[in-house]
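All of these numbers come straight from a predicted model, not from anything done at the bench.
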Amino acid sequence: MTIVVIRPEPGNAATIAALHDAGLAARSLPLFAARALDWTPPDPAEVDALLFTSAQGVRLAGPALARLADRPVIAVGPATAAAARAAGLSVVLTGDTDAAAVVAAARAGGFARLLHLAGRDRVATDAVVRIVYAAEPIDIPPDTVRDLTGTIVLLHSARAAARLARLVDDHGVERAAIALVAISAKTAAAAGPGWRAVALAGAPRDDAMIAAARALTRTAATGISGA
């Protein structure tokens with residue numbers, strides 16, 4: 001079965017490359033394109049640490065990030081942490097589950113004043129927020145949606161999961177003809193019921209999603225019912 005990656009670039013290309021390295025057939029179909037937005041940074045003295053819940057927040061923060069470059073970084077996961085380090089930032093805490101957990105760990109570590117540099121559609125936190133980018137929907141032709149029949153789709157976000165469900169339903173594609181791998185239970189829930197199979201990654205990382213996708217390719221002929 002072909003595995004379809006619907007996350008935005010540049011993460012899309014990275015996941016496609018990892019799938020190919022794992023010997024799996026893969027196809028790119030980004031549902032959103034991210035673009036930077038203008039924003040005004042606060043006084044660095046008012047910030048204990050920067051919170052990033054997406055690598056896009058690091059990549060698209062733009063020149064304004066330089067004013068806060070000496071602030072430590074709290075990253076939701078390894079990929080976000082890697083993006084922060086590549087940008088020359090100092091990562092002091094990396095989560096391995098979700099935003100709520102890493103924020104709680106940051107608070108426990110004494111980082112009371114968090115500045116969340118986030119997308120317009122973002123994970124809710126109790127940190128101060130600056131919106132630094134937006135992910136806008138890309139038009140997807142009906143025939144491209146129909147070509148998802150018989151594939152496994154990787155879901156990296158709840159927003160992508162919900163849009164996939166709408167596209168499939170709007171274009172008359174049977175959910176039961178598509179299998180999903182979701183990065184979290186919340187993401188899987190956003191896709192709704194009726195899919196051929198729904199597998200959860202063992203951890204919120206690409207390697208875990210790829211492992212789950214590989215397992216689905218091995219059981220593709222067993223007629224697993226949707227979840």
- prompt: Knowing that exactly one of T187, D206, N12 qualifies, which makes a side chain to side chain donor-acceptor pair (under 3.5 Å) with H156?
  reply: D206

field: Minimum-distance pair of heavy atoms, taken over all atoms of V91 and A75
entry: CG1-CB, 4.5 Å

- prompt: Should P44 and R67 count as side-chain neighbours, where that means a heavy-atom distance under 4.5 Å?
  reply: yes

query: With side chains defined as the heavy atoms from C-beta onward, is the minimum distance between R122 and V129 less than 4.5 Å?
result: yes

- request: Flag the pair P204 / D98 as yes when at least one side-chain heavy-atom distance between them is below 4.5 Å, and no otherwise.
  value: no

message: Taking side chain to side chain donor-acceptor pair (under 3.5 Å) as the cut-off, I'd like each qualifying pair that reaches into residues 42-66, sequence neighbours left out, listed once.
response: D48-R113, T53-H116, S54-Y133

query: Taking the side chain as C-beta and beyond, is there a heavy-atom pair between T15 and R7 under 4.5 Å?
result: yes

Carboxylate-amine/guanidinium proximity below 4.0 Å for R205 and D96: no

query: Is it true that atom CG of D70 has more than 12 heavy atoms of other residues, nucleotides or ligands lying nearer than 6.0 Å?
result: yes

Side-chain heavy atoms of F111 within contact of L93, under 4.5 Å: no

message: Check whether R130 reaches the backbone of T40 with its side chain - one donor and one acceptor, N or O, closer than 3.5 Å.
response: yes

field: R214/I3 under side chain to side chain contact (heavy atoms under 4.5 Å, CB included): CA gap, chis, key distance, verdict
entry: CA-CA 9 Å; R214 183 190 294 279; I3 299 166; over 6 Å; no

message: Is it the case that the side chain of R163 and the backbone of F32 share a donor-acceptor pair, with hydrogens and angles ignored and the cut-off at 3.5 Å?
response: no

field: Listed once per pair and sorted, the salt bridge (Lys or Arg N to Asp or Glu O under 4.0 Å) pairs that draw on residues 80-95, sequence neighbours left out
entry: none

query: How about L89 and L65: do any of their side-chain heavy atoms sit closer than 4.5 Å?
result: yes

task: Look at the side-chain heavy atoms of Ile, Leu, Val, Met, Phe, Trp and Tyr, link any pair under 4.5 Å apart, and say whether I183 and I16 land in one connected group.
output: yes

message: Is it the case that the side chains of T151 and R27 hold a donor-acceptor pair, with the cut-off being a distance below 3.5 Å and no angle test?
response: no

- prompt: Below 4.5 Å, heavy atoms only, C-beta onward: do V102 and L51 meet side chain to side chain?
  reply: yes

task: Applying side chain to side chain contact (heavy atoms under 4.5 Å, CB included), run through V92 and I74 and close with a yes or a no.
output: CA-CA 6 Å; V92 295; I74 311 298; 3.7 Å; yes

- request: Given side chain to side chain contact (heavy atoms under 4.5 Å, CB included), test L167 with L148 step by step and report yes or no.
  value: CA-CA 11 Å; L167 286 169; L148 292 173; over 6 Å; no

